[in-house]
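What follows is a short report on a single structure.
Excluded from the calculations below are hydrogen atoms, water molecules and symmetry mates; all remaining heavy atoms, backbone and side chain alike, are included. The structure presented is a predicted model; accordingly, all values stated were derived computationally and were not measured.
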Amino acid sequence: MSTDDGTSRVVVGVDGSPASHAALRWALRYARRTGAAVRAVGAYDLPGAGWSASAVDVLFDEEQARRSLSEELGAVLAADADVPLVQHVVRGNPAQVLIGESDGAELLVVGSRGRGGFASLLLGSVSQQCAAHASCPVVIVRPETADGTPPAGDTP
C-alpha cells in the first residue's frame, strides 16, 4: 500500500472527462489529508489494433496521451501543488490498466463516467469493472455541479 519511500499511494484514473477532473480533485484532497502520494494514470488504446487494422503511429499516440494527461493535470493542479504526484501513461484497456495499478495502492479513485459509452449509463463500464475487480478500495466520483462544487456526499 505504499510507494518506494513508504508513502501511501492513491491511484486516480484520468481521461479528460468532467468526472475524471472531479476524481482527480477528490484524490488530491484525500492525499493532502492523509499524507499519501497520488499516481495519476492515463490509459490509451489503439483503435482497431490487430491484423486488419490500418497502420497507426504508436509513438504519436503515446505522445498525444502524455500531452493530454499533462494538460489535464496542469488545469486541475493549480491549487494542489503541495501533494506528491506522479504521472503515468499506459497503453491498454483502461479498466485493466487501473485494476493492475490498484495492486498495492491504498485507494483507487475513478470518475463515474468517462469519455466513452452511452449517455444513459449511470455508471461507466471502467468504473464498474474497477469496483468489481480492484485490489484495493475504490471511490467512484461523480462530476462536479455546474457551479464547480462536488455533488453532496462526494467530499473526502
Side-chain angles (χ1 to χ4, degrees), residues 1-46 58 61-117 121-156:
M1 283 203 202
S2 62
T3 61
D4 292 339
D5 67 356
T7 305
S8 295
R9 178 172 49 97
V10 175
V11 175
V12 58
V14 181
D15 70 0
S17 68
S20 167
H21 288 183
L24 180 56
R25 287 185 184 100
W26 194 100
L28 290 165
R29 286 191 304 268
Y30 178 87
R32 184 178 302 106
R33 290 179 179 165
T34 63
V38 173
R39 182 172 175 90
V41 178
Y44 73 100
D45 213 354
L46 300 177
V58 176
D61 287 337
E62 182 178 354
E63 180 57 35
Q64 185 176 358
R66 288 184 194 287
R67 190 175 323 112
S68 295
L69 179 61
S70 290
E71 289 171 3
E72 182 170 358
L73 293 176
V76 173
L77 289 177
D80 296 300
D82 59 333
V83 176
L85 180 112
V86 173
Q87 299 179 40
H88 189 58
V89 174
V90 181
R91 179 179 166 196
N93 173 282
Q96 292 173 350
V97 167
L98 291 171
I99 291 166
E101 290 284 335
S102 74
D103 188 35
E106 176 180 334
L107 194 65
L108 172 61
V109 183
V110 293
S112 62
R113 294 239 342 105
R115 301 181 76 187
L121 294 176
L122 296 176
L123 185 64
S125 61
V126 171
S127 56
Q128 189 173 23
Q129 289 294 312
C130 288
H133 301 289
S135 301
C136 65
V138 177
V139 173
I140 301 172
V141 180
R142 295 176 289 166
E144 294 161 338
T145 61
D147 65 0
T149 59
D154 277 0
T155 54

List in chain and number order the residues that pass side-chain contact (heavy atoms from CB on, under 4.5 Å) with [X], two or more places apart in sequence or in another chain; answer none if no residue qualifies.
X: Q96; result: N93
X: A36; result: S8, V10, A31, T34, E106
X: H133; result: I99, Q129

[X] side, atom [atom1]; [Y] side, atom [atom2] - distance, nearest 0.5 Å:
X: S112; Y: Q128; atom1: OG; atom2: CD; value: 12.0 Å
X: R29; Y: L24; atom1: CZ; atom2: CG; value: 10.0 Å
X: R39; Y: R9; atom1: CZ; atom2: CZ; value: 6.5 Å

Yes or no on side-chain contact (heavy atoms from CB on, under 4.5 Å) for V139 and W26, after CA distance, side-chain angles and deciding distance?
CA-CA 9 Å; V139 173; W26 194 100; 3.7 Å; yes
Taking all non-hydrogen atoms of both residues into account, name the closest pair between [X] and [Y] and its distance.
X: S20; Y: G13; result: OG-O, 3.7 Å
X: I140; Y: S127; result: CD1-O, 3.9 Å
X: L98; Y: V110; result: CD1-CG1, 3.9 Å
X: V12; Y: A27; result: CB-CB, 3.9 Å

Can you tell if the side chain of E101 reaches within under 4.5 Å of the side chain of L108, non-hydrogen atoms only?
no
Please name all residues satisfying side chain to side chain donor-acceptor pair (under 3.5 Å) with S102, sequence neighbours left out, ordered by chain then number.
none
Should V109 and V38 be marked as a side-chain contact (heavy atoms from CB on, under 4.5 Å) after you check the CA-CA gap, both sets of side-chain angles, and the distance that decides it?
CA-CA 10 Å; V109 183; V38 173; over 6 Å; no
